[in-house]
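Only a predicted model underlies this, so the values are computations on that prediction, with no experimental measurement involved.
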Amino acid sequence: MNDTEEAFAARLAEDLERVLGAGIAIDDVELTTDDGRAHVRATLLVEGWVEEIEAHGAEISELYRPVMERAAALRLSAAFWRMVGPT
């Protein structure tokens, strides 16, 4: 992983923490590039289960928005489950 990819992965993990909030922990952020494509996988610990967020694109810069959108949806889903799930 080059310096740009390392900086992107670090920034992505930092921003994911803010979007996910309390109760959701980041276990790992993996960034790979192969065959001219970029891939990111974030492994998260959510309320006792493991969840993964993945995104693929032609360039690393294309991965940020889909990961953040999926993280926000996951946060909303976890919050909803805390309100109406089994107790």
Evaluation steps, side chain to side chain contact (heavy atoms under 4.5 Å, CB included), between Val50 and Asp27: CA-CA 9 Å; Val50 175; Asp27 184 50; over 6 Å; no
Minimum side-chain heavy-atom gap Thr32-Arg37 below 4.5 Å: no
Main-chain N/O of Ala10 paired with Glu14 side-chain donor or acceptor, under 3.5 Å: no
Whether Arg70 side chain and Glu54 backbone form a donor-acceptor pair below 3.5 Å: yes
Beyond-backbone contact of Glu51 with Trp49, side-chain heavy atoms, under 4.5 angstrom: yes
Backbone N/O of Thr4 and side chain of Asn2: donor-acceptor pair under 3.5 Å: yes
Residue pair Leu16, Val67: steps toward the side chain to side chain contact (heavy atoms under 4.5 Å, CB included) verdict: CA-CA 8 Å; Leu16 268 174; Val67 169; 3.9 Å; yes
Glu5 to Leu31 - nearest heavy-atom pair and separation: O-CD2, 3.4 Å
Min side-chain heavy-atom separation Leu44-Leu20 under 4.5 Å: yes
Derivation of the side chain to side chain contact (heavy atoms under 4.5 Å, CB included) call for Phe8 and Leu63: CA-CA 10 Å; Phe8 177 83; Leu63 304 177; 4.2 Å; yes
Closest non-hydrogen atom pair between Ala78 and Ile24, with its separation: CB-CD1, 4.2 Å
Interatomic spacing from CG in Leu12 to CD1 in Ile26 - rounded to 0.5 Å: 8.0 Å
Polar side-chain atom of Arg75 near backbone of Val19 as donor-acceptor pair, under 3.5 Å: yes
